[in-house]
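These notes concern the structure reproduced below.
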Amino acid sequence: MASKEGTAGQAFAPVLAAVSTMQGNVSRTEKTQAHEFLEKFQKSVEAWTITHELLQSPDVPVEAKLFAATTLKGKIMFDLDQLPADSVVALRDSVLNLLVAFASGPRPIQTQLCVCLASLAIQMTEWKDVLATVGSALGGSAGDCVLDFLKILPEEVTEGRKINLSEDDLITRTKELLEDNADQVMQLLIQYSQSSPTASTNPRLLDCITSWMREIPASKIVDSPLMDVILKALDDEGSFEAGVDSMCTLYRDTREVDASLPVIQALYPRIMSLRPKIAEAADTEDTDAFKGITRLFAEAGEAWVVLIARLPTDFRGLVEAVLECCARDWERDVVSLTFVFWYELKQYLTLDRYADARAALSDIFSRLVDIMVKHLEYPRPEEGETDLFGGDREQEEKFRHFRHSMGDVLKDCCSVIGVSECLTKAYQLLQQWVSKYAAQASDDHVPNWQELEAPLFSLRAMGRMVDPEENLVLTQVIPLITQIPNQEKVRFQAIMALARYTEWTAQHPETLEAQLNYVISGFQHTSPEVIQASALAFKFLGTDCQKLLGGHIAQLHTFYESVLDKLKPASQEEVTEGVAAVVAVQPKEKIYETMKMFCDPIMNRIMNLANNAKDEQGQRAVADHLQLITIFVLVVNPYVNPGEENPAVRYCGEILPIMTTLTMNFTSSTPILERVCRCWRNMIISYRTAMAPLLPTLAQSLASGFEASREGCFLWATDAVVREFSEGSDAVDPATSNAVFQFYEQQAVAFLRTLNDLPPENLPDVIEDFYRLSSDAVRYYPKECITSSLIVHIFSAALSALSLQKIEPLMATLHYYQDLLSFAFDKPAVSDFTSPEGDAYSNPAEIREAVKQLVASQGQVLTQRILTGMMFSFPGECFPDASSVMMAMFELMPQDAGAWLQSTLQMLPAGSMKPGEAERLLTGLSQQVQSGEIRKIRILLQDFTNSYRRRNVAPREGLGRLEATRFRFSG
């Protein structure tokens with residue numbers, strides 16, 4: 001025996017050492033080596049034996065045993081084919097014995113072993129008496145392990161797609177394990193609950209009941225002794241949370257209220273009998289209990305919301321209980337659990353058919369407004385404390401997020417009881433504060449400012465619901481807001497509230513001057529937040545009141561120049577948007593001079609900054625000011641007649657040489673290059689074919705810039721040119737269109753040279769931008785692209801791009817292949833396009849044949865890259881597009897595609913596929929091709945590659961736990 005133990009110890013000693021390294025205070029290199037060793041171990045054949053030895057040895061640390069149990073779970077789920085078929089029953093029996101051995105804990109190991117057993121139950125299709133076998137082996141000696149197994153079994157069956165069973169076998173096995181056993185399990189649970197006085201408050205029993213609610217209808221639960229078990233659990237601290245989970249799961253089975261009405265009628269009085277627990281939990285400040293009881297009522301309301309709308313009198317008590325939970329939430333920790341309910345109820349009550357219910361419940365929504373506004377108040381700090389949250393920034397951020405969610409509830413209230421009533425409540429709170437404290441307030445001291453700031457926030461939150469024609473409340477509220485004192489948070493909220501009502505202001509010009517003065521004075525505030533709010537408010541005032549401000553260009557220019565250099569970049573952009581909106585409504589004959597008035601000083605700043613941009617910060621400042629020019633380009637877009645000079649384009653022509661100089665002087669500054677290219681791209685998007693006079697200069701600048709910098713942004717801007725000046729546009733002459741395609745080819749040659757000089761992993765952004773450009777080139781210039789001498793080189797370069805693991809370039813490359821391959825068929829990617837004459841696009845035979853020849857010559861390598869990418873390296877988001885490319889090749893050349901796929905599979909490492917797996921895939925693909933079900937090829941490929949990846953590539957569970965600090969185990 002000693003000799004055998006010594007041999008076993010020698011076998012698992014390296015594993016123990018690696019586990020210890022993962023948990024120890026050692027170098028990252030050592031941990032990485034240990035991690036790699038354990039990853040290989042988890043997928044090895046030896047792991048079957050060693051995991052058992054680790055679990056059976058009395059001297060192995062508990063953390064290592066948990067790792068062994070987790071590894072065994074992965075082996076059973078993914079590697080069962082590594083074992084001889086006749087040894088699987090012995091494996092099952094050994095897992096049962098291990099469960100008996102760990103009957104007293106630790107619990108995490110029990111759980112992993114139960115998952116092992118459940119996974120075996122799913123895969124051992126010949127094992128028909130699962131419950132009897134497990135009950136016999138564990139029932140007498142393994143305590144709650146039976147309950148754990150019963151809880152886990154439905155969960156694992158539901159996740160059965162992880163296991164390599166066919167769809168038909170999985171459906172059959174699901175029925176055998178769950179549906180056929182539901183009644184037996186229910187009787188077992190009832191018997192267990194009656195076995196001792198404490199059994200019914202065992203949280204494991206409750207968890208098991210909840211798990212089997214997937215199979216046992218709610219009607220059976222409610223009519224059985226298990227209903228009393230669930231309710232009794234709510235009176236016990238240890239089982240309370242599990243009982244709440246059970247109740248909430250019951251509700252979900254009653255959402256089809258018409259079919260579940262008898263169940264709901266039985267449940268409702270029992271739930272309402274729990275309402276005193278709300279006050280009890282609040283009075284004792286028991287946070288967990290209060291959270292649970294709030295869930296009970298809120299989720300009942302969500303499940304039965306349509307019944308509340310139909311029968312508001314009968315179910316009013318439930319709505320009042322949810323409201324009471326909101327009102328009593330002393331720490332604002334659980335009110336968020338009710339938000340979905342209020343939203344769902346609002347959705348029904350605002351329908352005409354439920355007008356009576358809306359009237360019947362309007363008083364509740366009225367009280368809800370009062371409760372929410374009270375919850376919006378900032379906390380009051382302790383005596384002598386200045387920080388509202390005691391330095392807890394996480395709590396402060398949570399509160400900010402929470403307020404915006406409560407703002408959504410206030411919008412719901414507006415929908416139910418009307419905007420005017422909600423606004424009036426906020427207005428009355430403002431008036432109350434003014435009557436109490438206004439005389440005592442100064443800029444330095446605003447007493448009880450929280451009571452002023454909260455209704456201001458509510459006004460801001462409800463702004464989206466207010467019609468610009470509203471004339472009852474806002475005519476009183478807006479003038480009051482412009483007199484709000486200067487305390488930081490109050491002033492911030494007042495300005496943000498004004499920003500919400502700028503559309504209303506446009507309809508009420510008499511209020512504009514006071515608001516504008518109030519907002520502009522905010523730029524002088526000492527608080528950065530108030531200044532940022534002022535910039536945002538000015539943006540909306542300029543945008544929505546642009547016509548009212550159109551005659552004040554000189555004053556706006558003076559203001560703009562006075563504040564611009566004092567603002568952060570984001571605020572500079574917002575103020576610029578407001579100013580640009582006013583410039584945009586100037587008469588056409590004044591656009592050029594007005595644009596020049598505002599933009600020339602910015603260009604002067606750019607040139608001065610560029611002359612001194614010696615570091616990254618200086619270059620960032622240049623880039624930020626370039627963005628301001630782009631805003632003018634985006635916003636100032638006057639209508640001009642065809643053939644007439646666009647005044648905005650005239651100004652663009654003046655600044656184009658300066659921007660070109662910037663790109664050549666800062667070829668290594670990504671921020672500057674990206675902002676210049678963004679500006680150029682938006683010139684094309686805004687002014688479209690009116691940019692034709694500048695096109696030769698712009699194309700040369702884009703080509704020179706890309707060649708000098710190798711930055712993808714130049715290709716991104718080129719894409720806009722290709723789209724706008726394509727051969728299908730009726731506003732573009734053939735010579736210009738042809739020149740644009742030659743420009744694309746020039747960029748393609750530069751890209752190919754760059755890819756020849758540098759490996760793909762150094763150029764992910766360039767690859768992404770080039771293949772997005774090339775997709776559009778193929779779509780807009782199909783004949784020219786596909787018959788170009790460059791097409792083979794571009795196609796081959798994309799193959800190297802498929803070796804990347806970054807999602808953006810991969811997606812762009814795969815989309816390029818999809819678009820290109822679509823031209824092998826009658827209806828390619830542009831089949832929805834029409835000619836200027838209105839004719840649908842017809843794909844010529846010569847293009848179809850050219851694509852087919854290209855695929856014939858490159859298909860083997862493309863298949864290899866895509867299939868291996870799906871099995872080894874592609875991010876999951878790429879799978880649909882990758883399988884679409886393969887699907888297109890099977891549709892185009894089914895025999896060749898099958899041969900290419902088979903050849904790729906033969907290159908896989910020996911033993912990495914299950915016996916017969918490749919043959920089943922190829923047979924399935926052949927059948928789908930023959931039956932014409934081409935789209936099912938995508939499913940077959942994704943299922944195969946997902947299964948392969950889970951077994952051979954993806955990390956197994958357990959390693960992450962080892963890297964964390966030692967965890968605590970409970971028995």
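Atoms considered below: every heavy atom in the structure, side chains included; atoms not considered: hydrogens, waters and symmetry mates. Small disclaimer: the values here were computed from a predicted structure and weren't measured. This chain uses plain numbering: 1 for the first residue, then up along the sequence.
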Taking the basic N atoms (NZ, or NE/NH1/NH2) and the acidic carboxylate oxygens, is any pair closer than 4.0 Å for [X] and [Y]?
{"X": "Arg252", "Y": "Glu299", "value": "yes"}
{"X": "Glu39", "Y": "Lys43", "value": "no"}
{"X": "Asp819", "Y": "Arg772", "value": "no"}
{"X": "Glu917", "Y": "Arg951", "value": "yes"}

Q: Under the side chain to side chain contact (heavy atoms under 4.5 Å, CB included) rule, what do Glu849 and Gln853 come out as? Steps first, then yes or no, please.
A: CA-CA 6 Å; Glu849 184 58 31; Gln853 289 179 10; 3.4 Å; yes
Under 3.5 Å: donor-acceptor pair, side chain of [X], backbone of [Y]:
{"X": "Tyr781", "Y": "Ser737", "value": "yes"}
{"X": "Gln42", "Y": "Glu957", "value": "yes"}
{"X": "Asn756", "Y": "Leu752", "value": "no"}
{"X": "Ser119", "Y": "Cys116", "value": "no"}
{"X": "Ser796", "Y": "Val792", "value": "yes"}
{"X": "Trp48", "Y": "Leu91", "value": "no"}
{"X": "Glu302", "Y": "Tyr251", "value": "no"}
{"X": "Ser931", "Y": "Gln928", "value": "yes"}
{"X": "Asn738", "Y": "Pro734", "value": "no"}
{"X": "Thr174", "Y": "Leu170", "value": "yes"}

A side-chain contact here means heavy atoms from C-beta on lying under 4.5 Å apart; do [X] and [Y] qualify?
{"X": "Asp943", "Y": "Leu921", "answer": "no"}
{"X": "Val130", "Y": "Phe149", "answer": "yes"}
{"X": "Arg681", "Y": "Trp716", "answer": "yes"}
{"X": "Ser926", "Y": "Leu922", "answer": "no"}
{"X": "Leu695", "Y": "Val740", "answer": "yes"}
{"X": "Ile794", "Y": "Tyr771", "answer": "yes"}
{"X": "Val134", "Y": "Leu153", "answer": "no"}
{"X": "Phe944", "Y": "Met871", "answer": "yes"}

Atom pair [atom1] ([X]) and [atom2] ([Y]), whose distance is rounded to the nearest 0.5 Å:
{"X": "Tyr744", "Y": "Ser788", "atom1": "OH", "atom2": "OG", "value": "7.5 Å"}
{"X": "Tyr780", "Y": "Ser775", "atom1": "OH", "atom2": "OG", "value": "11.5 Å"}
{"X": "Lys175", "Y": "Glu215", "atom1": "NZ", "atom2": "CD", "value": "11.0 Å"}
{"X": "Phe41", "Y": "Glu46", "atom1": "CZ", "atom2": "CD", "value": "8.5 Å"}
{"X": "Gln858", "Y": "Ile791", "atom1": "CD", "atom2": "CD1", "value": "10.0 Å"}
{"X": "Ser883", "Y": "Met870", "atom1": "OG", "atom2": "CE", "value": "5.0 Å"}

Q) Are Phe706 and Phe714 near enough that their ring centres are under 6.0 Å apart? A)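 No: the rings miss the under 6.0 Å criterion.
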[atom1] ([X]) with more than 12 external heavy atoms under 6.0 Å:
{"X": "Arg255", "atom1": "CZ", "value": "yes"}
{"X": "Glu256", "atom1": "CD", "value": "no"}
{"X": "Arg688", "atom1": "CZ", "value": "no"}
{"X": "Gln184", "atom1": "CD", "value": "yes"}

Do you know which two heavy atoms are closest between [X] and [Y], and how far apart they sit?
{"X": "Ala720", "Y": "Ile684", "result": "O-CG2, 3.5 Å"}
{"X": "Val766", "Y": "Phe751", "result": "CG1-CD1, 3.8 Å"}
{"X": "Leu810", "Y": "Phe874", "result": "CD2-CE2, 3.7 Å"}
{"X": "Lys75", "Y": "Val45", "result": "NZ-N, 4.3 Å"}
{"X": "Ile807", "Y": "Cys878", "result": "CG1-SG, 4.0 Å"}
{"X": "Ile122", "Y": "Arg173", "result": "O-CG, 3.2 Å"}

Side chains of [X] and [Y] only: does a donor on one sit below 3.5 Å from an acceptor on the other?
{"X": "Thr172", "Y": "Glu176", "answer": "no"}
{"X": "Gln927", "Y": "Lys936", "answer": "no"}
{"X": "Tyr343", "Y": "Gln347", "answer": "yes"}
{"X": "Thr923", "Y": "Glu919", "answer": "no"}
{"X": "Arg938", "Y": "Ser884", "answer": "yes"}

Q: Dump the intermediate steps for side chain to side chain contact (heavy atoms under 4.5 Å, CB included) on Asp826 and Arg848, then the final yes or no.
A: CA-CA 8 Å; Asp826 291 334; Arg848 297 200 302 271; 3.5 Å; yes
Q: Scan Gln864, Met889, Met886 and name whichever one has a side-chain contact (heavy atoms from CB on, under 4.5 Å) with Trp900.
A: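 With Trp900 as partner, Gln864, Met889, Met886 yield a single side-chain contact (heavy atoms from CB on, under 4.5 Å), made by Met889.
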Q. Of Leu940, Ile934, Leu821, Leu892, which meets side-chain contact (heavy atoms from CB on, under 4.5 Å) against Met887?
A.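 One option only clears the test, and that one is Ile934.
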Q: Apply side chain to side chain contact (heavy atoms under 4.5 Å, CB included) to the pair Ile767 and Leu755, showing each step before the final yes or no.
A: CA-CA 9 Å; Ile767 289 171; Leu755 198 61; 4.1 Å; yes
Q: Decide side chain to side chain contact (heavy atoms under 4.5 Å, CB included) for Thr71 and Gln112; before the verdict, give the C-alpha distance in whole Å, the side-chain angles of both, and the deciding distance to 0.1 Å.
A: CA-CA 9 Å; Thr71 298; Gln112 295 300 316; over 6 Å; no
(Q) Once you measure the plane-to-plane angle for Phe795 and Tyr817, does it fall in the parallel (<30°), tilted (30-60°) or perpendicular (>60°) bin? (A)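 Perpendicular, since the angle between the ring planes exceeds 60°.
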**Q.** By side chain to side chain donor-acceptor pair (under 3.5 Å) - contacts of Tyr948 (at least two apart)
**A.**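 Testing Tyr948 for side chain to side chain donor-acceptor pair (under 3.5 Å), a comparison that skips the adjacent residues, returns Ser912.
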